[in-house]
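Working notes, structure below.
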Amino acid sequence: MRYEIQSRCLMLARHIITTGDTVRQTARRFGLSKSSVHKDIHERLKILHPGLFMEVQAVMNFHHQVRHLRGGEATRARWEKIRQAR
């Protein structure tokens with residue numbers, strides 16, 4: 001694995017752990033695609049740094065558990081905006 005990719009994996013992992021950002025937020029912040037961030041975190045980091053991978057997984061599991069709540073909030077906000085426009 002190239003050095004640039006290794007350092008990017010570590011940088012993304014540290015960012016996710018410190019900020020608690022989702023994969024999409026992290027991708028937007030670093031100007032990468034969601035697929036690249038996901039591959040870096042879930043495949044490359046596991047090989048590169050297993051300890052850091054476990055910490056990132058804890059954050060990702062939390063996001064997975066509350067994702068249905070965030071979706072509900074987005075839908076509620078969208079319908080509220082439509083109601084106010086009427």
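Here, residue 1 is the first one in the sequence, and each next residue gets the next number.
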Any donor-acceptor pair under 3.5 Å from [X] side chain to [Y] backbone:
X     : Y     : value
Ser36 : Leu32 : no
Gln25 : Thr22 : yes
His15 : Arg29 : no

Can you tell me how far apart [atom1] ([X]) and [atom2] ([Y]) are? Round to the nearest 0.5 Å.
X     : Y     : atom1 : atom2 : value
Thr26 : Met11 : OG1   : CE    : 10.5 Å
Leu12 : His38 : CG    : NE2   : 12.5 Å
Arg2  : Arg8  : CZ    : CZ    : 8.0 Å
Arg14 : His49 : CZ    : NE2   : 6.5 Å
Leu48 : Asp40 : CG    : CG    : 10.0 Å

Can you list the steps and then say if Gln57 with His42 is a side chain to side chain donor-acceptor pair (under 3.5 Å)? CA-CA 8 Å; Gln57 275 304 109; His42 286 93; 3.2 Å; yes
Would you indicate whether Met54, at its atom CE, is surrounded by more than 12 heavy atoms from other residues, nucleotides or ligands within a distance under 6.0 Å?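 Count not over threshold, so no.
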Counting only heavy atoms not in Phe62, do more than 12 sit closer than 6.0 Å to its CZ atom?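 Count not over threshold, so no.
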Could you tell me whether the side chain of Met60 reaches within less than 4.5 Å of the side chain of Ile16, counting heavy atoms only?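 They are in side-chain contact.
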Decide side-chain contact (heavy atoms from CB on, under 4.5 Å) for Val37 and Phe30; before the verdict, give the C-alpha distance in whole Å, the side-chain angles of both, and the deciding distance to 0.1 Å. CA-CA 9 Å; Val37 173; Phe30 289 96; over 6 Å; no
Quick one: closest heavy-atom pair of [X] and [Y], and the distance?
X     : Y     : answer
Ile17 : Val59 : CA-CG2, 4.4 Å
Val56 : Ala13 : CG2-CB, 3.6 Å
His63 : Asp21 : NE2-O, 3.4 Å
Arg44 : Cys9  : CB-SG, 3.6 Å
Leu10 : Leu45 : CD2-CD1, 4.0 Å

